[in-house]
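Everything below concerns the one structure shown next.
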Amino acid sequence: MLVGTKKLAEWREIFHDHMQSMDHAFDSAHKIDHVTRVTNTALQLAEMEGAKLEIVLPAVMLHDSLPIDKFASSTKNSIYISTENSLNLLKSWGYPQELFLSIEHAILAHSFSANITPQTLEAKVVQDADRLDALGAIGIARTLAVGFKQGNPLYNKDEPFPINRDANDRDNILDHFYVKLLRLPALLHTKAAKMEADARIKTMEIFLRDLAREIGAEFL
Ligand SMILES: [Fe+2]
Ligand SMILES: [Fe+2]
């Protein structure tokens with residue numbers, strides 16, 4: 001498939017090489033392996049749903065072209081800065097500009113904190129693919145990696161599971177499951193992503209249940 005002057009596979013290489021060169025700047029949950037997994041998932045979803053690959057591919061591969069500090073106050077703005085950077089890159093590589101508006105929307109809408117409803121199938125696919133990577137075994141691993149890096153404890157020592165207290169993921173890692181992760185499946189758009197999310201949630205439930213048993217905590 002030709003997009004502008006190049007085949008889609010050639011574009012994929014250009015995007016990959018760029019993100020690989022930026023890898024040092026990203027936290028352990030957003031390194032090139034995240035980009036690769038989300039890209040593979042998005043391409044699968046796109047095929048099943050009939051989304052346009054020439055929009056999905058650049059959007060998904062450059063969906064975080066600049067690192068976003070999740071706990072910085074400027075998170076909301078940083079997705080706009082990152083998206084602008086992605087479009088500038090595409091422009092510099094000569095990607096067809098008539099696709100930019102759709103790509104821009106798909107990148108902006110992937111962001112959880114931006115809270116933008118995806119209006120196109122392509123934006124839905126990119127958002128779903130990115131959110132799936134926060135679920136399942138990989139979701140658990142990424143959550144632990146980021147949480148420990150921030151110096152947070154695994155759980156609240158007085159009440160490990162947020163049963164009689166509000167969940168607060170700035171205070172401990174486990175609460176991130178309740179603040180965000182377990183809520184993601186309800187926010188997915190495509191049928192294929194919802195099915196995959198079911199399997200991934202089961203993995204997370206086993207983890208949480210076993211964790212509760214091992215630390216002798218009441219399970220939520
Ligand atoms: Fe992101
Ligand atoms: Fe992402």
Side-chain angles (χ1 to χ4, degrees), residues 12 15-46 51 53 55-90 102-120 122-147 149-150 169-170 173 176-177 179-185 187-190 192-193 196-197 200 204:
R12 184 173 181 163
F15 305 154
H16 179 272
D17 288 351
H18 174 76
M19 290 311 292
Q20 174 93 71
S21 76
M22 289 293 296
D23 207 37
H24 62 277
F26 284 87
D27 68 42
S28 55
H30 294 91
K31 289 202 174 284
I32 189 74
D33 59 301
H34 166 69
V35 177
T36 304
R37 282 191 307 274
V38 180
T39 299
N40 289 336
T41 305
L43 293 179
Q44 275 172 20
L45 296 178
L53 297 180
I55 293 162
V56 169
L57 186 79
V60 74
M61 294 198 74
L62 303 171
H63 78 270
D64 285 325
S65 71
L66 291 176
I68 289 173
D69 182 355
K70 286 202 184 307
F71 288 84
S73 53
S74 62
T75 306
K76 256 201 155 146
N77 282 333
S78 39
I79 181 60
Y80 289 94
I81 298 167
S82 177
T83 304
E84 197 185 324
N85 180 61
S86 307
L87 294 174
N88 285 337
L89 286 165
L90 288 169
S102 310
I103 295 168
E104 179 180 29
H105 173 63
I107 297 179
L108 283 176
H110 99 272
S111 162
F112 192 77
S113 42
N115 199 15
I116 294 167
T117 308
Q119 306 291 342
T120 61
E122 289 73 24
K124 289 175 186 173
V125 160
V126 172
Q127 195 191 74
D128 280 4
D130 191 49
R131 290 182 177 179
L132 278 176
D133 208 56
L135 299 177
I138 199 74
I140 296 171
R142 291 177 70 212
T143 301
L144 297 181
V146 171
K149 181 99 193 282
Q150 275 157 355
D169 59 358
R170 283 162 194 251
I173 300 170
H176 192 56
F177 288 80
V179 170
K180 180 175 175 185
L181 304 181
L182 297 175
R183 295 170 181 222
L184 289 179
L187 304 175
L188 296 173
H189 305 279
T190 63
E196 177 59 25
R200 295 189 183 206
M204 296 168 97

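Just so you know, these numbers come straight off a predicted model, no measurement behind them. Each ligand, and each atom within it, is numbered from 1 in the order the structure gives. One is the number of the first residue; the rest follow in order along the sequence.
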Given 3.5 Å as the limit, does a donor-acceptor pair link the side chain of S82 with the main chain of S78, or not? no

Would the number of heavy atoms belonging to other residues, nucleotides or ligands and lying under 6.0 Å from CD of Q20 be above 12? yes

The Fe ion (ligand 2): which protein N, O or S atoms are under 2.8 Å away? H34 NE2, H63 NE2, D130 OD1

My understanding is that only residues two or more places apart in sequence, or in another chain, count here; which of them pass side chain to side chain donor-acceptor pair (under 3.5 Å) with S65? N85, S86

Please name all residues satisfying salt bridge (charged side-chain N to carboxylate O under 4.0 Å, His left out) with D33, sequence neighbours left out, ordered by chain then number. R37

Looking at residues at least two apart in the chain, or sitting in another chain, which of them share a side chain to side chain donor-acceptor pair (under 3.5 Å) with N40? R12

Quick check: closest heavy atoms across R131 and L187, and the distance to 0.1 Å? NH1-CB, 3.7 Å

